[in-house]
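These notes are about the structure you will find just below.
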There are 2 protein chains.
Amino acid sequence: MKNPQIPLELLITYGATFKEYQKGEIIFSENEYPNYYFQVVSGSIKMFNTNDEGKEFTQGYFLRGQSFGEPPLLINERYPASAMAFQNMEVVRVPKQKFFQILEEHPQIQKDFLILMARRIHNKATTSKDIINQKADFRIKAFLNSYKKGDEKELIPFTRQEIANFTGLRVETVIRTIKNMAKKKQLEVRDHKIYY
Amino acid sequence: MKNPQIPLELLITYGATFKEYQKGEIIFSENEYPNYYFQVVSGSIKMFNTNDEGKEFTQGYFLRGQSFGEPPLLINERYPASAMAFQNMEVVRVPKQKFFQILEEHPQIQKDFLILMARRIHNKATTSKDIINQKADFRIKAFLNSYKKGDEKELIPFTRQEIANFTGLRVETVIRTIKNMAKKKQLEVRDHKIYY
DNA sequence: CGGTTCCTTGAGGATGATCAACGAGGGTGG
DNA sequence: CCACCCTCGTTGATCATCCTCAAGGAACCG
């Protein structure tokens, strides 16, 4: 695990336990009260909401080394979204009180969390403005840009459904829009795979 | 100023300066790099984005005592949105380096900021899910709920345009939807004023 | 090879956007 | 006090984008 939010060894000294999840399993659900601090050991998770009509909205993905679900823990509120294993994966967790204790006893870690939270807000503000009030192709471009690593054209490892869930669009709209973008040379589709 | 994020006296010992803005004046703009830590002394500000077609999206309002624009400051990034005086108002500000110094020298304040950032994320996650993927009346209800203080029916102090900017809708849509909600007794409109 | 997941296409529909006027109320200066 | 202006609210008509529904097709995996 590279650059874990909190080193595993440290977590272990505070009584951390490890747990495996199969792809699709729920780690916690919207509206529950948090009891643990979580970190991804391997694999990744998806944070998401489901609306009245069953349509899903993806708040974000969390990869190996990243912590997730801390804000509600810090402010004693219910989870605003659910967390699901996006692949077979492993998490490490410590009980709430232990987490607070870690923050107290390790000022540098507390500071790291302040920076992390700031980064998350920045991210969410950017994502919001890129989705709300924007046309389908703009939303998709914003998504692709944010998940792109380098400058070269690269394979986008998300299904059209996943892109739809993240951008607040429907699969069919994503398919048609992407086709259009390909026609305008804004991206490439080879073998149903998207390169951007 | 009640419950200011950082007490004014303390800010002053770190060289804070005060500045007044007229309603509509810009305090900082999207894409600029931050140089100051800001706090509202009186009045309020609006954080917002403008899209290609000039349509505005309101990220949030910040009232007296609240700090704003800290996340980009903490992570050395550009502002993702602009800040404008929503009324005639006053801010207090300290230079970036002084702000970091305050955090270093006052652990309790650093902790307060961690909590504050967590609260903001929680808020943004909630707002996102209430806007993206939702129908007009749901968006408006979510907005009204979030800005409502008590349990009694109360006057909503926002224009329809402001509601539109916050919910990602158009004024006309807000007007028509509110009219409809009034017909369904979900709120009241007397003298053009909204009670909810 | 069969099942599962993902992708695709077309037709039709609905919600919200756009455009163009106009109305209402409040404040200001003559 | 009245006229004017400015901001905000309102309405109707038309339009566009995206959604919905329904039906297959393609790719991949065990």
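In what follows, chains carry the letters A, B, and so on, assigned in the order in which the sequence lines appear, proteins first and then strands, with residues in each chain numbered from 1.
With sequence neighbours left out, Glu162(A) forms a salt bridge (charged side-chain N to carboxylate O under 4.0 Å, His left out) with no residue at all. With sequence neighbours excluded, the residues satisfying side chain to side chain contact (heavy atoms under 4.5 Å, CB included) with Arg119(A) are Ile115(A), Ile75(B). Here Phe48(B) pairs with nothing under the ring pair (Phe, Tyr, Trp, His ring centres under 6.0 Å) rule; sequence neighbours left out. Taking Lys153(A) as the reference, Glu188(A) meet the salt bridge (charged side-chain N to carboxylate O under 4.0 Å, His left out) condition, with sequence neighbours excluded.
Checking the phosphate oxygens (OP1, OP2) of dC8(D), no side-chain nitrogen or oxygen of Arg160(B) falls inside 4.0 Å. In terms of phosphate contacts, Lys55(B) brings a side-chain nitrogen or oxygen within less than 4.0 Å of OP1 or OP2 of dA17(C).
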Nucleotide N/O to protein N/O under 3.5 Å, stretch nucleotides 23-26 of chain C:
none

Are any protein N/O atoms closer than 3.5 Å to N/O atoms in nucleotides 12-18 of chain D? If there are, list each pair with its distance.
residue: dG12(D); atom: N7; partner: Arg176(B); partner atom: NH1; Å: 2.9
residue: dG12(D); atom: O6; partner: Arg176(B); partner atom: NH2; Å: 3.3
residue: dA13(D); atom: N6; partner: Arg176(B); partner atom: NH2; Å: 3.3
residue: dC18(D); atom: OP1; partner: Ala136(A); partner atom: N; Å: 2.8

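One atom, CD of Glu162(B), and another, C1' of dT7(D), lie 11 Å apart when rounded to the nearest Å. Atom CZ in Arg190(A) sits about 16 Å away from atom P in dC7(C), given to the nearest Å. Here dG16(C) presents its P atom at 12 Å from CE of Met181(B), a figure rounded to the nearest Å. Between the CZ atom of Phe158(A) and the C1' atom of dC6(C) there is a distance of 16 Å, given to the nearest Å. Regarding Ile163(A), its CD1 atom lies at a distance of 11 Å from the P atom of dT8(C), rounded to whole Å. The CG-C1' distance, from Asn133(A) to dT18(C), rounds to 14 Å in whole Å. The distance from atom CD1 of Ile175(B) to atom P of dT18(C) is 15 Å, rounded to the nearest whole Å.
Between Val171(B) and Glu53(A), the one whose closest nucleotide on DNA chain D sits nearer the 5' end is Val171(B).
For Arg64(B) (side chain) and Val40(B) (main-chain N/O), no donor-acceptor pair under 3.5 Å exists by modelled atom type. Asn88(A) places no side-chain N or O within donor-acceptor distance of the main-chain N or O of Gly43(A), the cut-off being under 3.5 Å.
There is no side-chain donor-acceptor pair under 3.5 Å between Gln5(A) and Tyr37(A). No side-chain donor-acceptor contact under 3.5 Å links Asn123(B) and Lys124(A).
Checking each of Tyr21(B), Tyr61(B), Phe68(B) against Phe86(B) for a ring pair (Phe, Tyr, Trp, His ring centres under 6.0 Å) leaves exactly one that passes, namely Tyr61(B).
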